[in-house]
Amino acid sequence: MGNDRYDAIVVGAGPAGSAAALTMAQNNMSVLLVERGEYAGAKNVFGGAVYRQPTELLVPAFWEEAPLERPIVSDELWLMDTDSAVKIGFTGLKFAKPPYNKFTVIRAKFDRWFANKAVQAGARLITNTLVKDLFYEKTGIMGSKASGVVLESGDRIYSDIVILAEGVSGNLVEKAGLREKVTPDDLTLYVKETLELPSEKIEERFNLEKNEGASIGMVGYPASGAIGKGAIFTNKDSISILVGVYLNQIIDKGLNPYLLMERLKQHPLVKRLIEGAKTVEFQAHTIPKGGYEQIPQLSASGILVTGDAAIMISGRRGTDLAMLTGRFAGETAAQAKAAQNFSEEMLTTYDKKVKTSFFMKDMKASKGAKKYYEQHPDADFLLSKAANDTAYEYFTVDLLPFSMKFDKIIGELKNMQPLPKTISDIYHGYLHWGVF
């Protein structure tokens with residue numbers, strides 16, 4: 001393999017890397033896609049949904065062939081306390097029909113299929129291969145340009161451009177000097193269980209028709225007083241259940257992710273949904289917290305950074321942003337090849353594509369959320385508790401006139417924390433969660 005040459009090398013065969021490889025292969029570039037796992041998707045964990053519109057930009061009508069689980073028709077957010085939940089949600093039955101809205105998927109299946117689309121377009125995929133470093137060539141007196149990768153075996157593979165889609169670890173991004181070292185303050189740790197359950201049971205418990213899907217996001221109770229969230233996604237014949245908490249809070253508070261998962265599964269409302277289900281898989285994975293302030297330098301001479309390595313996370317949206325930035329990177333590389341110019345100046349076209357995108361506007365709008373939660377780490381917990389205490393009071397049938405009941409509710413809210421703080425928690429919760 002040593003001394004092979006390609007137009008482009010992509011490091012990482014997740015959604016970002018495969019999107020970049022597919023786009024470049026479709027533009028007649030020779031592409032090597034390198035994956036350290038046994039197969040694409042072997043090491044990837046995520047919430048459970050891919051979105052139709054971003055994905056069909058890469059593979060039109062992908063739902064006709066991709067290994068999807070269920071089209072999601074029901075989306076809910078639960079603000080949870082120990083024995084209750086205030087539920088905010090929407091069910092849209094048109095989402096059960098083409099062209100759909102979003103789908104639950106299992107990454108081990110979906111990523112494998114997606115990487116194979118790049119292979120079908122002409123890219124070469126190699127797995128069980130770790131990229132150890134980049135190497136460079138001089139350009140002028142002071143400049144240098146990435147000219148390929150060094151594998152763990154010591155082999156060198158040459159290319160005009162390297163696209164780094166290596167995920168949150170971003171070792172190569174750090175070595176290239178494009179990002180500072182990741183710390184626990186920058187990460188969220190997710191644990192996920194896949195629970196086997198017959199499809200008819202899933203449909204009965206989640207009020208679904210055959211092949212319809214549901215997703216439930218949860219804040220408050222699942223994170224046990226830390227900043228984090230939980231989720232449930234329905235697959236064909238299994239349920240994905242997740243808990244994610246800021247890694248620095250797991251360390252500082254001495255939390256055990258496995259026990260957080262067991263605690264969530266024992267919540268009376270969750271227990272009803274998963275009763276009788278058999279655990280078939282347990283996974284853990286870190287993802288970037290996201291946020292406008294964390295975005296690294298996205299391009300350098302001969303290098304582009306995409307997906308989680310580029311901190312492309314906005315609320316619940318991560319996989320689709322990985323695909324979109326991967327596509328942007330592939331398009332930029334194709335333009336650079338046409339111009340035979342892989343300089344940093346040329347590759348800043350990619351930066352412009354990212355920075356003028358719709359999702360960057362959302363990331364800018366919520367850029368204060370991370371700082372807010374650092375200052376108020378109890379925000380989700382207090383907001384959920386306030387919502388549930390208020391709901392219990394409101395829905396309790398008693399002997400008080402409504403005016404007195406309303407005054408009592410307001411008084412209890414004020415006693416919990418200042419009302420402006422509650423309003424601020426609601427606002428930042430919306431920015432932080434991005435449920436819809």
Side-chain angles (χ1 to χ4, degrees), residues 8 10-12 14-24 27 50-51 53-58 143 145-146 160-168 170 172-174 176-180 182 186-188 287-339 341-372 428 430-434:
V10 183
V11 181
S18 292
L22 173 60
T23 302
M24 291 186 292
N27 282 278
V50 297
Y51 305 96
Q53 292 191 43
T55 309
E56 72 174 342
L57 292 174
L58 291 149
K145 171 193 166 296
D160 293 318
I161 188 169
V162 179
I163 296 180
L164 301 177
E166 56 186 325
V168 66
L172 297 176
V173 182
E174 290 174 11
L178 304 180
R179 190 180 84 183
E180 294 182 359
V182 173
D186 301 321
L187 301 172
T188 300
I287 67 166
K289 288 180 183 176
Y292 185 76
E293 301 91 336
Q294 282 188 281
I295 297 172
Q297 183 177 332
L298 298 176
S299 60
S301 185
I303 305 173
L304 295 175
V305 185
T306 188
D308 277 5
I311 319 297
M312 289 297 131
I313 300 287
S314 179
R316 293 175 76 186
R317 302 186 70 164
T319 300
D320 61 327
L321 304 194
M323 291 182 183
L324 289 170
T325 55
R327 180 172 179 252
F328 291 161
E331 291 172 344
T332 302
Q335 292 169 341
K337 182 193 174 186
N341 180 0
F342 295 90
S343 67
E344 182 172 350
E345 182 180 7
M346 178 68 188
L347 297 183
T348 54
T349 300
Y350 171 65
D351 300 58
K352 293 172 185 175
K353 287 175 180 285
V354 172
K355 290 176 181 178
T356 58
S357 65
F358 74 90
F359 57 83
M360 189 56 60
K361 293 176 183 176
D362 292 340
M363 292 175 76
K364 282 183 179 179
S366 62
K367 66 180 182 179
K370 180 184 174 184
K371 185 175 181 180
Y372 183 85
H428 284 88
Y430 165 74
L431 293 179
H432 172 68
W433 183 250

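Side-chain contact between Val354 and Asp351 is absent, with no heavy-atom pair separated by less than 4.5 Å. Contact check for Val182 versus Leu187: side-chain heavy atoms found under the 4.5 Å cut-off. Side-chain contact between Ile303 and Phe342 is absent, with no heavy atoms from C-beta onward closer than 4.5 Å. Tyr350 places none of its side-chain heavy atoms less than 4.5 Å from the side chain of Glu331. Contact check for Met323 versus Met312: no side-chain heavy atoms found under the 4.5 Å cut-off. The shortest side-chain heavy-atom distance between Thr306 and Ile163 falls under the 4.5 Å cut-off.
The environment of CD in Glu56 is crowded: more than 12 heavy-atom neighbours from other residues, nucleotides or ligands sit within 6.0 Å.
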Next item on the list: Start with the C-alpha distance between Leu304 and Leu298, add both sets of side-chain angles, then the distance that settles side chain to side chain contact (heavy atoms under 4.5 Å, CB included), and finish with yes or no.
Entry: CA-CA 6 Å; Leu304 295 175; Leu298 298 176; over 6 Å; no
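A distance of 10.0 Å separates OG in Ser299 from NZ in Lys352, rounded to the nearest 0.5 Å. Summarising the geometry, atom CD belonging to Gln297 is positioned 5.0 Å from atom CG belonging to Leu178; distances are rounded to the nearest 0.5 Å. Here Thr332 contributes atom OG1 and Met24 contributes atom CE; the two are 10.5 Å apart, rounded to the nearest 0.5 Å. Between atom OG1 of residue Thr349 and atom CZ of residue Phe328 there is a gap of 12.5 Å, rounded to the nearest 0.5 Å. Note that CE of Met363 and CG of Leu321 are 7.5 Å apart. Values are rounded to the nearest 0.5 Å. Interatomic distance, Arg179 CZ to Leu164 CG, rounded to the nearest 0.5 Å: 10.0 Å.
Nearest heavy-atom pair, Ile287 versus Val168, reported as atom, atom and distance to 0.1 Å: C-CG2, 4.0 Å. Closest heavy-atom contact between Ala310 and Pro296: O-CD, 3.3 Å. Across all their heavy atoms, Thr319 and Pro15 have their closest contact at CG2-CG, 3.8 Å. Taking all atoms of both residues into account, the shortest heavy-atom contact from Gly302 to Leu347 is N-CD1, 3.5 Å. For the pair Gly330 and Thr23, the tightest heavy-atom approach, listed with the atom from each and the gap, is C-CG2, 3.8 Å. What you find for Met346 and Ala339 is that their closest heavy atoms are CE-CB, 4.2 Å.
Between Leu22 and the options Asn27, Val10, Leu58, a side chain to side chain contact (heavy atoms under 4.5 Å, CB included) holds for only Leu58.
Lys145 meets the salt bridge (Lys or Arg N to Asp or Glu O under 4.0 Å) test with no other residue; sequence neighbours excluded.
The cationic atom of Arg317 (NZ for Lys, CZ for Arg) does not lie both less than 6.0 Å from the six-membered ring centre of Phe359 and within 45° of the ring axis.
Judged by distance alone, the side chain of Thr325 and the main-chain N or O of Ala322 form a donor-acceptor pair under 3.5 Å.
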